[in-house]
Amino acid sequence: MTTAQPLDVQPTPLALLLLGREADPKSERGVDCPGDLPAPSDPGLVERARAAKAKLGDKVFVLGHHYQRDEVIEFADVTGDSFKLARDAAARPDAEYIVFCGVHFMAESADILTTDDQQVVLPDLAAGCSMADMATAEQVAECWDVLTEAGVAEQVVPVSYMNSSADIKAFTGKHGGTICTSSNAKRALDWAFEQGEKVLFLPDQHLGRNTAVRDMGMSLDDCVVYNPHKPNGGLTAEQLHAAKMILWRGHCSVHGRFSLESVEDVRARIPGVNVLVHPECKHEVVAAADYVGSTEYIIKTLEAAPAGTKWAIGTELNLVRRLANRFAAEDKEIVFLDKTVCFCSTMNRIDLPHLVWALESLVDGKVVNRIQVDRETESFAKLALERMLALP
């Protein structure tokens, strides 16, 4: 699949799709950073969105991820991170339609956790996640074969980040593993190491490494990186036997761009600044930061921060801008950690025109862009999610 990846990684082949003419609902495509966003949508679309949402009433429940544009967030019934939103959807069984303003894997999770009577809609099928795209079902199955041939598979418990496709969640459930979020990754790993001696962490190497080393006291030598584009993942049997954490070679295209130089530069530019980053950032960035945590942690930390404090935030720009505007009245200075601006390009595919189209289609009785996970995949993926919910 087409993803934004490091230069030494060959992209997984995928047939080219003509822009605007075809769509691949199984794809979680990432693209290059588009730079700054265009001006807000036509004000007429705002009125159309309000009118359509009013006509649908309680039949529709709109979810808005924190990284969405302001013009989309305005129409969200609830906002949050991916797992919180999926649970919010499950808590509204009377809502016939769940419109998920996020990306593909999030809509899949909502479909898994909601009832059969509810239909999940993603306003733009091209809204994917480059990280989720870096681990396909075929690649992970091949990885398991490598672990089996090396004689370590029986010792390995898979732990998959919420930011993964339904297929990867199902693989995790089928092989006795659990899902984690950036908030509970340590709890998930503690549980996994009670079940086995090693963990296969999918698909974000940085969250896995940061949790193991920063939060659990492991060393960097305890971690190896499995590269699906190299024979045997680029690892020897001896390396697999010695490792505690087998990290998939995946990353977030937004959080992965922050560097140690970004941290050093902002400290030089803004004396006394607090650096607050997401654990999807590289290990050296996390090690140099003052605070590290999930999206919800970032928001709560800024809420509790004293007036007059200064903050450099290492996460998606839409959220950073929203927080900067929100706390400006409290004299909290909030800036983006990197001087080079980059939005989550696939998340930003959900715009007001797509949302209006989805809502007006529902008003007309037509369900567009429905996300539906097949029964078997849903069963095993739900098993993995339920293991996470049962974590102490």
Side-chain angles (χ1 to χ4, degrees), residues 23 25 34 36-111 113-114 117-129 295-296 298-299 315-327 343-371:
D36 211 347
L37 292 176
S41 301
D42 183 343
L45 287 173
V46 174
E47 294 306 318
R48 287 171 60 182
R50 288 174 181 163
K53 198 160 183 285
K55 287 179 182 178
L56 290 166
D58 293 337
K59 291 174 65 177
V60 70
F61 191 50
V62 180
L63 307 174
H65 190 272
H66 285 308
Y67 299 165
Q68 288 291 310
R69 308 164 183 245
D70 288 345
E71 64 181 28
V72 171
I73 288 292
E74 178 182 347
F75 295 98
D77 293 302
V78 293
T79 59
D81 59 19
S82 59
F83 186 60
K84 175 183 180 296
L85 292 177
R87 294 189 73 179
D88 286 341
R92 291 290 295 268
D94 295 334
E96 186 176 346
Y97 307 117
I98 305 297
V99 177
F100 209 126
C101 297
V103 294
H104 196 274
F105 78 80
M106 300 179 188
E108 284 184 328
S109 297
D111 183 61
L113 293 175
T114 51
D117 296 329
Q118 294 175 287
Q119 300 182 72
V120 178
V121 170
L122 184 66
D124 186 348
L125 289 180
C129 170
T295 303
E296 296 292 340
I298 290 172
I299 295 170
T315 193
E316 207 276 339
L317 183 58
N318 272 315
L319 175 60
V320 177
R321 280 184 170 178
R322 195 172 298 124
L323 292 170
N325 292 333
R326 175 183 170 186
F327 294 114
F343 294 87
C344 178
S345 54
T346 49
M347 186 77 75
N348 274 287
R349 289 181 183 273
I350 307 295
D351 54 14
L352 198 50
H354 281 92
L355 178 58
V356 168
W357 171 68
L359 292 174
E360 290 183 341
S361 296
L362 293 177
V363 170
D364 294 337
K366 182 181 179 182
V367 179
V368 295
N369 291 2
R370 182 179 180 186
I371 302 300

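Since the structure is predicted, the reported quantities are computational estimates derived from the model, not experimental observations. Values below: every heavy atom of this structure, side chains too, minus hydrogens, waters and symmetry copies.
A heavy-atom distance below 4.5 Å is found between the side chains of E108 and H104. Between M347 and M106 the shortest side-chain heavy-atom distance falls below 4.5 Å. Side-chain contact check for L317 versus Y67: every heavy-atom pair is 4.5 Å or farther apart. In this structure the side chain of C344 reaches within 4.5 angstrom of the side chain of T346, judged on heavy atoms. Contact check for L355 versus F75: side-chain heavy atoms found under the 4.5 Å cut-off. Considering only heavy atoms from C-beta on, F61 stays 4.5 Å or farther from V99 through its side chain. Proximity of I298 to L323: side-chain heavy atoms (C-beta onward) are separated by under 4.5 Å at one or more points. Put simply, the side chain of V46 reaches to within 4.5 Å of the side chain of E74, judged on heavy atoms.
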(request) Decide side chain to side chain contact (heavy atoms under 4.5 Å, CB included) for F100 and N369; before the verdict, give the C-alpha distance in whole Å, the side-chain angles of both, and the deciding distance to 0.1 Å. (result) CA-CA 11 Å; F100 209 126; N369 291 2; over 6 Å; no
(message) side chain to side chain contact (heavy atoms under 4.5 Å, CB included), that's the test. Do E96 and D117 meet it? Break it down for me.
(response) CA-CA 7 Å; E96 186 176 346; D117 296 329; over 6 Å; no
(message) Could you go through V62 and C101, starting from their C-alpha distance and side-chain angles, then the distance that decides it, and tell me whether this counts as side chain to side chain contact (heavy atoms under 4.5 Å, CB included)?
(response) CA-CA 7 Å; V62 180; C101 297; 4.0 Å; yes
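The existence of a salt bridge linking K53 and D77 is confirmed by a sub-4.0 Å separation between a basic side-chain nitrogen and an acidic carboxylate oxygen.
Closest non-hydrogen pair, A49 versus L359, comes out as O-CD1, 4.1 Å. The shortest non-hydrogen separation linking G102 to I350 is O-CG1, 3.4 Å. Closest non-hydrogen pair, A52 versus V363, comes out as O-CG2, 3.7 Å. Here the shortest heavy-atom pairing between T114 and D111 reads OG1-O, 3.4 Å. Of all heavy-atom pairs spanning A358 and V368, the tightest one is CA-CG2, 3.9 Å.
For H66, the ring-ring contact (aromatic ring centres under 6.0 Å, His included) test picks out no residue, with sequence neighbours left out.
At most 12 heavy atoms of other shown residues, nucleotides or ligands fall within 6.0 angstrom of atom CG in D58.
Side-chain atoms of Q68 never come within 3.5 Å of backbone atoms of I73 as a donor-acceptor pair (strictly under, hydrogens ignored). Panel note: side chain R69, backbone N348; a donor-acceptor pair is recorded below 3.5 Å.
Here the straight-line distance linking atom CD1 of I299 with atom CG of L319 works out to 5.0 Å at 0.5 Å rounding. A distance of 11.5 Å separates CG of L113 from CG of L85, quoted to the nearest 0.5 Å. Interatomic distance, NE2 of H65 versus NZ of K84, reported as 10.5 Å (0.5 Å rounding). Note: D81 CG to R87 CZ = 10.5 Å, rounded to the nearest 0.5 Å. Here the CG-CZ distance, from D88 to F83, works out to 10.0 Å after rounding to the nearest 0.5 Å.
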What pairs of donor and acceptor atoms, side-chain ones from residues 118-128 against any protein atom, are under 3.5 angstrom apart with sequence neighbours left out?
from, atom 1, to, atom 2, distance (Å)
Q118, OE1, T115, N, 3.1
Q118, OE1, T115, OG1, 3.3
Q118, NE2, R92, O, 2.7
Q118, NE2, A95, O, 3.0
Q119, OE1, R370, NH1, 3.4
D124, OD1, A126, N, 2.9
D124, OD2, H354, NE2, 3.3

